[in-house]
S.K.: 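Please read through the structure below; I'll follow up with questions.
Just so it is clear: chains get the letters A, B, ... in the order the sequence lines come, proteins before strands, and each one is counted from 1.
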Amino acid sequence: MSQISLTFPDGNARSYDAGVTPAEVAASIATSLAKKAISATVDGQHWDLAWPITQDAQIAINTLKDNDAEALELIRHDCAHIMARAVQEIWPDVKVTIGPVIEHGWYYDFDRAEPFTPEDLGLIEKKMKEIINLRDPVRTEVWERDVAVKYYEERGEPYKVELIDAIPGNEPLRMYWHGDWQDLCRGPHLQHTGQVPADAFKLMSVAGAYWRGDSSRAMLQRIYGVAFKNKDDLKKHLTMLEEAAKRDHRKLGGEMDLFHMQPEAPGQVFWHPNGWTVYTELQDYMRRQQRRGGYVEVNTPQVVDRKLWEKSGHWDKYQENMFIVEVDEEHAREKAINALKPMNCPCHVQIFNQGLKSYRDLPLRMAEFGSCARYEPSGALHGIMRVRGFTQDDGHIFCTEDQITDETARFIAFLSKVYADLGFHNWTIKLSTRPEQRIGEDESWDRVEKALGDACNAAGYEYEILEGEGAFYGPKLEFTLTDAIGRDWQCGTLQVDPFLPERLEANYIGEDGAKHRPVMLHRATLGSFERFIGILIEEHAGKLPFWLAPRQVVVAAIVSDANDYCLEVVEQLKAAGVRAEADLRNEKINYKVREHSVGKVPVILAIGKKEVEERTVSTRRLGEKQSKVQPLDEIVTQLKAEATPPDLA
RNA sequence: GCUGCUGUAGCUCAGUGGUAGAGCGCACCCUUGGUAAGGGUGAGGCCGGGAGUUCAAUCCUCCCCAGCAGCACCA
């Protein structure tokens, strides 16, 4: 048998028979290592201890203790298998499908006639612990395709048969055995079930999920679990989830009296005075930014005849998701059918099309705080983050293809400044490329996709590529922020669209005196005010930056003799442009402090006898225990400065 | 839209086949209290909507609406 040379992380190399497994390698070093080992990393690939190595390679033996990423991957993956085995032991008629590792844990999809109940999850967890305690060995086998298909057909596992059919013919079919239970799986896995920490996992929830992510196919039951290396990490994770729930914008929206929603208008927001203050403050800020950024602001109609939507192509594609308004005029022959605008683009093109445009007018940047209505599927609605009525900070840049890169880079700079001003520093860019169903030449897609990528690079940002996720007419950049519990939300966007100018016959006169077609860049920075304010609330856990806080200062009287002075303080603050209010209620200062703290008021000025006499205030900042006595003039100057939006400071 | 769960006072939630309860909040009274809940009294409910079963339904069954989790969707 031929020899191979394996190089260890410390640089030492040893010679082994070709086909040696990492388990044998570990055993050759120390029996304790062989026992502790969970997997290997072979030439950068995560490698099962039982897989043979046939050529020279770099090798590292992973253990539960020292290798976080690998350990968690294996623990979670083995949990998926152990859970599937537990489910089939309890309910033998349940059909298994797939169970991948995800962030913090795993899920596994099952086909079962009866729904899993919360009590069932408890049963499954108990059974899983039993399997872990058995310390059943994990074995891997490579099967022939027809053998595997026959095996699954006999056992009534149609989903597995379908999976095998989808695996390319030249790939080996690997079977993993956890004791006497077996699953088709790429691997790698642990050595035995006992290597999963029995006290560091938890089944979290069960929900429906379509087989193969296809809404036309069977709805399966997906059980989610989380798993960690030890009990403490699990506990930390559960605590984090509890904390995150407190930051939920829907909860804080009520506590801070920002907005409410009700069944008569599902997916639409009733903004209360506090919430509307945040909204308008943000809108004023965006308006200033856009003026500075070279945009002209416009406004367009809400109710627009279907003819325009037919022309733009939206009627065909999105009719189901539009709010239709039919008007039955007395003398009309037929009803007028309109749609509430689901987007602003076609309307902006109408403005562009007024009068003749010259190449000298390009790039033309047109912005609108555009109210849109989309009939989103009921299950998609989520607080104020996914709604049916919303206002985009929309904008369209009419330009030439040559100007795309510059305009994109310019927009990225614009957006990053806005996000930074609003307290966001961790956001990501995704570049969605050509989908299967598309229009236009591949050459043009090549150029435009490159233009977007170049612009990101020029602006100094990395981006992730979402293959095939672009719109049918062009690629797009998505700017994504994350909510309190780690769900991603697309906020900003930039889409290249040569299609709509074509359909709506936009053109400009070029240097050569002939008509040319502009390209349109759809772009939004916040996305929608609704979603962005939701994210803003969660990001700051309700403690909005002072300039955005709806209630900035409460002046609270400690004794009623201080009332007049409190009102005077409020007047001075208001005159300085600060949102201040007096709390003269017959309540103890403790009570007032608590109430306004819960309401996330950033500054409480407490006024007692002493402050009245000395013309001072006792300043207490949200989140701080300590209060500070300072002269009235000083605090007014200070808060005036803090209330100034970052772009005006 | 799909699967599952939920819907009782303004809010958070108990509860029962014989038309309801707590805490907080609200109103009024007492209390003038120094930085996260002072005390008392009181008002407040078509038990999400509709139909059915029953002598009787907030409770059981069905349909609808809305919310929650996930999936699918997101111009």
S.K.: Measure the shortest side-chain to side-chain distance between A:W427 and A:C491 over non-hydrogen atoms and say whether it is less than 4.5 angstrom.
M.R.: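 Side chain of A:W427 against side chain of A:C491, heavy atoms only: no contact under 4.5 Å found.
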S.K.: Output yes when a side-chain donor or acceptor of A:E376 lies under 3.5 Å from a complementary backbone atom of A:L381, and no otherwise.
M.R.: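 Not at all, since once roles are kept as given, no pair shorter than 3.5 Å links the two residues.
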S.K.: Between N or O atoms, less than 3.5 Å apart, protein on one side and nucleotides 8-14 of chain B on the other: list the pairs.
M.R.:
none

S.K.: Starting the side chain at C-beta, find the nucleotide from B:rC2, B:rC71, B:rA36 nearest to A:R594.
M.R.: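 Looking only at heavy atoms from C-beta outward on A:R594, the closest nucleotide is B:rA36.
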S.K.: To the nearest Å, how far apart are A:M385 CE and B:rC68 P?
M.R.: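 Interatomic distance, CE of A:M385 to P of B:rC68: 11 Å.
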S.K.: Any side-chain N or O of A:H382 below 4.0 angstrom from OP1/OP2 of B:rA69?
M.R.: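 Yes, such a contact exists.
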S.K.: So for A:Y210 and B:rG1, does any side-chain atom that can act as donor or acceptor lie under 3.5 Å from a complementary atom in the base?
M.R.: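 Such a pair is found, so the answer is yes.
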S.K.: If only side-chain N and O atoms of A:Y591 are considered, is one of them under 4.0 Å from the OP1 or OP2 phosphate oxygen of B:rC24?
M.R.: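 Indeed not, no polar side-chain atom of A:Y591 lies that close.
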S.K.: Using atom C1' in both nucleotides, what's the gap between B:rG42 and B:rG4 to the nearest angstrom?
M.R.: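 Each nucleotide's C1' atom is 43 Å from the other's.
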S.K.: Using only side-chain N and O atoms of A:S378, determine if any of them is under 4.0 Å from OP1 or OP2 of B:rG1.
M.R.: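 For B:rG1, OP1 or OP2 has a side-chain N or O of A:S378 closer than 4.0 Å.
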S.K.: Closest nucleotide of RNA chain B for A:V593 versus for A:V559: which of these residues is on the 5' side?
M.R.: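 Whichever sits nearer the 5' end wins; that is A:V559.
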S.K.: Output yes when at least one side-chain N/O atom of A:R487 is less than 4.0 Å from OP1 or OP2 of B:rG70, else no.
M.R.: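 So the side-chain polar atoms of A:R487 do come within 4.0 Å of the phosphate oxygens OP1 or OP2 of B:rG70, strictly under.
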S.K.: Could you tell me how far apart A:E255 (CD) and B:rG25 (P) are, to the nearest whole angstrom?
M.R.: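 Atom-to-atom, A:E255 to B:rG25, this comes out as 14 Å.
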S.K.: Does the side chain of A:L340 reach to within under 4.5 Å of the side chain of A:V325, using non-hydrogen atoms?
M.R.: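 Yes, at least one pair of side-chain atoms sits under 4.5 Å.
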S.K.: side-chain contact (heavy atoms from CB on, under 4.5 Å) for A:I384 and A:F529? Distances and angles first, verdict last.
M.R.: CA-CA 9 Å; A:I384 62 173; A:F529 283 91; over 6 Å; no
S.K.: Pull out every protein N or O sitting under 3.5 Å from an N or O of nucleotides 73-75 of chain B, one pair per line with the distance.
M.R.:
unit_1 : atom_1 : unit_2 : atom_2 : d
B:rC73 : O2     : A:R386 : NH2    : 2.8
B:rC73 : N3     : A:R386 : NH1    : 2.9
B:rC74 : O2     : A:R386 : NE     : 3.3
B:rC74 : O2     : A:R386 : NH1    : 3.2
B:rC74 : O2     : A:R386 : NH2    : 3.4
B:rA75 : O4'    : A:Y318 : OH     : 2.9
B:rA75 : O2'    : A:H314 : NE2    : 3.4
B:rA75 : N7     : A:R374 : NH1    : 3.4

S.K.: Could you tell me whether A:G470 contacts a base, only the sugar-phosphate backbone, or nothing, with contacts defined as non-hydrogen atoms closer than 4.0 Å?
M.R.: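 Since no nucleic acid heavy atom lies under 4.0 Å of A:G470, the category is nothing.
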S.K.: Assign A:K592 to base, sugar-phosphate, or nothing according to its heavy-atom contacts below 4.0 angstrom with the strands shown.
M.R.: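 A:K592: no heavy atom of the nucleic acid under 4.0 Å.
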S.K.: Please check if atom NZ in A:K311 has more than 12 non-hydrogen atoms from other residues, nucleotides or ligands closer than 6.0 Å.
M.R.: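 Incorrect, the count does not exceed 12.
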S.K.: Report yes or no: is the cationic atom of A:R76 (NZ for Lys, CZ for Arg) under 6.0 Å from the centre of the six-membered ring of A:F228, at an angle within 45° of the ring normal?
M.R.: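 Yes, cation above the ring, under 6.0 Å and within 45°.
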S.K.: One thing to verify: whether A:R585 and A:E595 come together as a salt bridge, which I'm taking to mean a side-chain N less than 4.0 angstrom from a carboxylate O.
M.R.: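 Yes, A:E595 and A:R585 are salt-bridged.
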S.K.: Do A:E568 and A:R615 meet the salt-bridge criterion of a basic N to acidic O distance under 4.0 Å?
M.R.: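 A salt bridge links A:R615 with A:E568.
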S.K.: Which is true for A:E611 with a 4.0 Å heavy-atom rule: it touches a base, it touches only sugar-phosphate, or it touches nothing?
M.R.: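 Result for A:E611 = base.
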S.K.: For the side chain of A:Y224, starting at C-beta, report the closest nucleotide among B:rG70, B:rG1, B:rC68.
M.R.: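 Within the option list, the nearest is B:rG70.
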S.K.: Considering only side-chain heavy atoms of A:I558, which listed nucleotide, B:rG33, B:rG38, B:rC71, is closest?
M.R.: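 Side chain of A:I558 sits closest to B:rG33.
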S.K.: Respond yes when some side-chain nitrogen or oxygen of A:R222 is under 4.0 Å from OP1 or OP2 of B:rC2, and no when none is.
M.R.: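 Indeed not, no polar side-chain atom of A:R222 lies that close.
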S.K.: Would you call A:R250 and A:D248 a salt bridge, using N to O less than 4.0 angstrom?
M.R.: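 Yes, this pair counts.
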S.K.: Are side-chain N/O atoms of A:T300 and A:E368 paired as donor and acceptor at under 3.5 Å?
M.R.: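 Yes, a side-chain donor-acceptor pair sits under 3.5 Å.
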S.K.: Less than 4.0 angstrom from a charged side-chain N to a carboxylate O is my criterion; do A:E255 and A:K251 meet it?
M.R.: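 Yes, A:E255 and A:K251 are salt-bridged.
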S.K.: Go nucleotide by nucleotide along RNA chain B from the 5' end; which of A:R620 and A:D248 gets its closest nucleotide reached first?
M.R.: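 Nearer the 5' end of the strand: A:R620.
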S.K.: How are the rings of A:Y419 and A:F532 set to each other: parallel, tilted or perpendicular (split at 30° and 60°)?
M.R.: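 Tilted, since the angle between the ring planes falls between 30° and 60°.
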S.K.: For RNA chain B, what dot-bracket results from Watson-Crick or G-U pairs at under 3.5 Å, with [ ] for crossers and | for inter-strand partners?
M.R.: (((((((..((((....[..)))).(((((.......))))).....(((((..]....))))))))))))....
S.K.: Of the options B:rC26, B:rC71, B:rG67, whose atoms approach the side-chain atoms of A:L381 most closely?
M.R.: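 That would be B:rG67.
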